[in-house]
Amino acid sequence: MEALKRKIVEEGVVLGNQVLKVDSFLNHRIDPVLMDGIGDVFARLFAEDGVTVVLTIESSGIAPAVMTALKLNVPLVFARKRKSLTLRDDLYTEKAYSFTKQEENEITVSKSYIGPGDRVLVVDDFLANGQASLALARIVEQAGARVAGIGIVIEKSFQSGRQALIEAGYRVESLARIASLEDGSIRFAE
Ligand code: 5GP
C-alpha cells in the first residue's frame, strides 16, 4: 500500500535493528485518513471470504481493525490484555508473549462475541514473530470458529512471524513488508 509505505518512510523511526516506531500515525497519534484507506484495502482483500467478525488485540490494533470492520459491515472484537472486573467468567483465554514488552500477557475474549459459525479476520498493527496473531487465532479455534485470514498493517519480514502463520495454515496479507531495518534505514521487501 503506497500511502502507508510513504508514511513509514517519512515518519517511521528505527530503534536498534529490529523495531520500527510509528507513534505519529499508528501507535500513539492516529491518522484517520490512512486508517480509512487501510480499512478499504483489507475489506477488498477479504471481500470474498465471508468474514463475520474482525478480531484484534488492544490497543494499537483497534484503529486499523475498526475501519476494516466498518468497511466489511461486521463487528470488531478486541482481545483484552488484562482481565477487567466486568469480564469474569465465560472467557476464552490464551497466553501471548509480547515482542515489544518482552513479557507474557494473558489475553481474553468474551465467549459472547465469537462462536461456532463465525469466520474471523484477525487484524494487527505489526507482525514480528507472530505470537500475538497466533494467540488470536487460537482463541478463534477455541470458539469453534474459523480464521478467514490474517491482515497485518506492517510486517517485519526479517522476523519469523509470516512463516509461522503460513505453516499454521493461515492466509496472511500485509500492507507493508519491511525486509530490513539494519543501520537505521528502512528497506521494503519486493
Ligand atoms: P509478534 O506477536 O508478531 O511477535 O509481535 C507483534 C506485536 O508486537 C504487535 O501487536 C505490536 O504491538 C508489537 N510489535 C512488534 N514489533 C513491533 C515494532 O517494530 N514496532 C511496533 N510499534 N510494535 C511492534
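Both ligands and their constituent atoms are indexed starting at 1 by order of listing.
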Distance to the ring centre below 6.0 angstrom and angle to the axis at most 45 degrees; does that hold for Arg187 and Phe158?
no
Determine, for Phe188 and Lys5, whether the Lys NZ or Arg CZ falls below 6.0 Å from the six-membered ring centre while staying within 45 degrees of the axis.
yes
Closer than 4.0 angstrom: is that true for some heavy atom of Val22 and an atom of ligand 1?
no
Do Asn27 and Ser60 have side-chain N/O donor and acceptor atoms under 3.5 Å apart?
yes
What residue and atom, counting heavy atoms only, is the protein's closest point to [atom], and at what distance?
| atom | answer |
| --- | --- |
| atom 3 (O) of ligand 1 | Gly130 N, 2.6 Å |
| atom 14 (N) of ligand 1 | Thr100 CG2, 3.6 Å |
| atom 17 (C) of ligand 1 | Lys156 NZ, 3.4 Å |
| atom 23 (N) of ligand 1 | Phe126 CD1, 3.4 Å |
| atom 5 (O) of ligand 1 | Ala128 CB, 3.5 Å |
| atom 8 (O) of ligand 1 | Phe99 CB, 4.1 Å |
| atom 11 (C) of ligand 1 | Asp125 OD1, 3.4 Å |
| atom 4 (O) of ligand 1 | Asn129 N, 2.8 Å |

Hey, which atoms in ligand 1 end up nearer than 4.0 Å to a heavy atom of Asp124?
9 (C), 10 (O)
Can you see which heavy atom on [X] is nearest to which on [Y], and at what distance?
| X | Y | answer |
| --- | --- | --- |
| Asp118 | Tyr113 | OD2-O, 4.2 Å |
| Glu106 | Lys95 | OE2-NZ, 3.3 Å |
| Leu121 | Gly151 | CD1-N, 4.1 Å |

Nearest-0.5 Å distance, CD of residue Glu103 to OG of residue Ser98
6.0 Å
Side chain, backbone, both or neither: Lys21 near ligand 1, heavy atoms under 4.0 Å
neither
Relative to ligand 1, is Asn27 under 4.0 angstrom through side chain, backbone, both or neither, heavy atoms considered?
side chain
Using distance alone, decide if ligand 1 has a nitrogen or oxygen within less than 3.5 Å of any nitrogen or oxygen in [X].
| X | answer |
| --- | --- |
| Val19 | no |
| Tyr97 | no |
| Gln131 | yes |
| Ser133 | no |
| Ile57 | no |
| Ala132 | yes |

Tell me whether Asp31 is salt-bridged to Lys7, with the criterion being a basic N under 4.0 Å from an acidic carboxylate O.
yes
Taking [Y]'s backbone N and O only, do any of them form a donor-acceptor pair with [X]'s side chain (distance below 3.5 Å, no angle check)?
| X | Y | result |
| --- | --- | --- |
| Arg29 | Ser24 | yes |
| Lys81 | Glu58 | yes |
| Ser180 | Glu182 | yes |

